[in-house]
Amino acid sequence: MAKQNSLAPRPIRSTVRSPAKNSWAAELPYLLSAGHYDGAEMLVRAELQQHPRSVEAHYWMAAIGIAAARKEFDALGWAKKAVLLDPGSADLQFTLGRAFKEAGQLDEAAAAYRRALTLAPRFAEAWVSLGIVRRAQGDLEDAIRCYREAIRLMPELPAAHANLGKALLEQRRLQVEHSEGGQAVSEARIVAAEEHALEALREADRLAPDDATVVANLGKALVARGELDEAAAVLNRALGLAPEREDLCVSLGDCYFRLRELGVAHAIYEQWLAGHPNAVEVPLNLVGLLLEVGKVEEAEKWIRHVTERAPENKGLLQPLGLQALTRGDAAESLEYYRQAAEQVSGEGSWSGYLMSLNYRSEDPVKIATEHRRARDHFGGIAAQKLARFAGFSASAAPRLAATAGAKIRIGFISGDLRQHSVSYFLEKVWTHLDPGRFEIVGYHNSVITDAVSERLQRSASAWIPCLKMGDTALLRRIRSDDLDVLIDLSGHTGGHRLKVVAARPAPLQMTYLGYPTTSGLPEIDYRITDPTIDPPGEPNLSAEQPLRIPGGMFCYNPGLDPESGPPPMQDNGFVTFGSFNNAAKITDRTLMLWSAVLEAVPDSRLYVKTSAPAFDRTRARVLAVLDACGIARERLTMIRWSAETRSHLEQYREMDIALDTYPYNGATTTCEALWMGVPVVTLSGATHVSRMGASILKSAGLDQWVAASPAGFVARAVALAADPAGLAEFRSRARSQLAGTALYDGERIGREFGTCIEQAVKSSREQR
């Protein structure tokens, strides 16, 4: 069946004589609605053979051609003939206008609609159709005038309200984009436009609740506003009305994905695909969802499905990149994401590419350059547009709210204000900032609220769940909260709101913890770091200025603490090296470094636990590299990562010495190992991610385990392995020793962090 435009009014025959009951034309409306165009044509042609000048027959031939949208029906030719036979018919002029529009002749279509309105000024459907053409011609103001006139004449006409709603949303967009010199359209005016547009779409939905396109337009507008719960209900209704429409299934599933109701999204996709085995777009969305929850094998099945049906589909690149990253193949992941970023673009592709780059590259210049290159997808023009959409100047940042000596109001925005590696380091900062000097506002961009979230919330002066807020709504909210400082904790990881941050909702903006290098956004003023990761005197390649915490940027909150027990070498008779880092960090470069250690320590073993969802494929890759390095397979023990914290920590009892990954060092795993009495050997490089291990060990007073070269890494590991007594001694006193160091000192991080923030605020106030 040809695609129907449900926003266009249906042709009526206001001046054409209605056929008598049971006449030749009585069946035609049913044939057209069912898509039986050939059968309808046969009926009309039979009438034309008997009455070749029948106005009604000519009208119906034009109507069939318009409905079928097929050139062979020649809708325009039949409409012209009908008008020649009865030039005084408003309805035939209206039909001629529709035929011209379908043929792409917009000027002629507008002229025909105007003739119809001259003949019948109260012809509401013609006003709507004229509005559609005027909008297509670029005169949005005139289109809105036409829709409003149609509503005045016929308030119950759904197409008028639906088209008015869409036009008002477009008008708002154009006002923002064309605002001169980046000057903001007033927030009140923009909000009013949004409300009027939504009001029109809701009215259309009320009048035509069975029209899938009308309902879907309301749902998509709600998604854009961030009203995801209502949007899901509306889109679900739209899909029920038009279950064949793949775009509605994609929109509904994506809405639930944003709500983080992944099981619901999964069920929607699978149920729809059961009846549509050759679809492509829904399987692509399903692949992304499956990779998100670690179901790599099932995702691969749908990747093959799409590859077989649409091998050139660029939408495959991003899921293929994520698939490669989850199994730890950083090189393959980087290439897929690079292609996706350059060929498909979009925030997800660029974030994936930049994240993959951290696992692979040892060149800080390249990392900084590529992050800056991605700026326009998060900041730059995109952020300026978002600021104007929200009713703010795109160039002027808000002023510092706090006067000298007043409390500084700090907002933290993240998708990880919950049990997550970010919170393991954030919690001591959050709870040890002086409440007499600082107020904390948490912007919680996750559907998950757990015990960690609740503890953080209790320490905050305000807590804003913002996952369901659209970008404009969140930007307005942050602006209204009168922050002095906004700190992004996500960077290019999942759950980020970088576009909002880049639109400058706060006068002073920083990035910290969640992303291990530059954001690439000059709209972020500072990157909170330390002298080990960013040594003073080195050229700053980042978009942000370094804000160095003297004692180190990391302060770990241990949580559960099972006893560490003695080094396993006492019972085993051999040394066990190990790592519990995720698969993406266990690069070929890392495996070759570890192999050199195993070769230098005969009879030693390697104990690896990893979170790779594609565990078997990851294990095969690890074994292949070890084989190439001459390391016997029986020297490797590789197990799956356990989510239960105590069980996870207890498994450090199987390890004598931890070997860090390179070039992307561990952070949480390094702190865990140390707390469990396991020494960690790290290799420090030139990038931010390759200096995290050095920063943590320095804060822990254990600089002796930091190597500056691969040979030094091997030498330190060998020296530790050759000192069983030293390993046992560290195991026995690790916690008492570490508890007094900067790495575990909450008061230290609260004091130093607060001082750095105050200095940055003071500097900003002086500069402005």
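Keep in mind that what you see is a predicted model, and the values were worked out from it rather than measured.
No side-chain heavy atom of Arg206 sits less than 4.5 Å from a side-chain heavy atom of His161. Counting only heavy atoms from C-beta outward, the side chains of Tyr256 and Leu262 never approach each other to under 4.5 Å. Put simply, the side chain of Lys295 reaches to within 4.5 Å of the side chain of His266, judged on heavy atoms. At least one side-chain heavy atom of Phe412 sits under 4.5 Å from a side-chain heavy atom of Ile440. Taking the side chain as every heavy atom from C-beta outward, Ser519 and Arg527 never approach each other to under 4.5 Å. Here the side chains of Leu433 and Ile410 are in contact, with some heavy-atom distance below 4.5 Å. Within the 4.5 Å cutoff, side-chain heavy atoms of Leu201 are placed close to those of Leu169. Between Val223 and Leu235, the closest side-chain pair of non-hydrogen atoms falls below 4.5 Å.
Ser356 and Ser333 form a side-chain donor-acceptor contact under 3.5 Å, judged by distance and modelled atom types alone. A donor-acceptor contact closer than 3.5 angstrom links the side chains of Glu370 and Tyr353. No side-chain N or O of His496 forms a donor-acceptor pair with one of Ser490 less than 3.5 Å apart. Using a 3.5 Å distance cut-off with no hydrogens or angles, the side chains of Arg418 and His444 do not pair a donor with an acceptor. Judged by distance alone, the side chains of Gln509 and Glu544 never bring a donor and an acceptor atom under 3.5 Å apart.
Considering every non-hydrogen atom in both Gly253 and Ala265, the closest pair reads O-CB, 3.5 Å. The nearest pair of heavy atoms linking Ser453 to Ile448 is OG-O, 3.9 Å. Between Leu207 and Glu156 the shortest heavy-atom distance is CD2-OE1, 3.0 Å. Residue Asp481 comes nearest to Val441 through the heavy atom pair OD2-CG1, 4.5 Å, listed as atom of the first residue, atom of the second, then distance. The two residues Cys249 and Ile268 make their nearest non-hydrogen contact at SG-CG2, 4.0 Å.
The number of heavy-atom neighbours closer than 6.0 Å to CD of Gln271, taken from other residues, nucleotides and ligands shown, is 12 or below.
Although no hydrogens or angles enter the test, the distance criterion places a donor-acceptor pair under 3.5 Å between the side chain of Asp450 and the main chain of Gln419. With hydrogens and angles disregarded, no donor-acceptor distance shorter than 3.5 Å links the side chain of Arg148 to the backbone of Ala143. A donor-acceptor pair under 3.5 Å links the side-chain atoms of Trp272 to the main chain of Pro243, judged by distance alone. Counting only distance, with no hydrogens or angles, the side chain of Asp254 and the backbone of Val250 share no donor-acceptor pair below 3.5 Å. The backbone N or O of Glu427 sits less than 3.5 Å from a side-chain atom of Thr431, completing a donor-acceptor pair. Formation of a donor-acceptor pair under 3.5 Å by the Asn236 side chain with backbone atoms of Ala232 is not found in this model.
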**OP:** Just do the side-chain contact (heavy atoms from CB on, under 4.5 Å) check on Ser251 and Lys220 with the steps written out, would you?
**Re:** CA-CA 8 Å; Ser251 295; Lys220 291 173 182 178; 3.7 Å; yes

**OP:** Mind running side-chain contact (heavy atoms from CB on, under 4.5 Å) on Thr511 and Ile528 for me, showing each step along the way?
**Re:** CA-CA 6 Å; Thr511 181; Ile528 300 174; over 6 Å; no

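Using the six-membered ring where Trp is involved, Tyr515 and His371 have ring planes that are tilted, between 30° and 60° apart.
With a 6.0 Å cutoff to the six-membered ring centre and a 45° limit on the axis angle, Arg260 counts as a cation-pi contact of Phe257.
Tyr512 meets the ring pair (Phe, Tyr, Trp, His ring centres under 6.0 Å) test with Phe753; sequence neighbours excluded.
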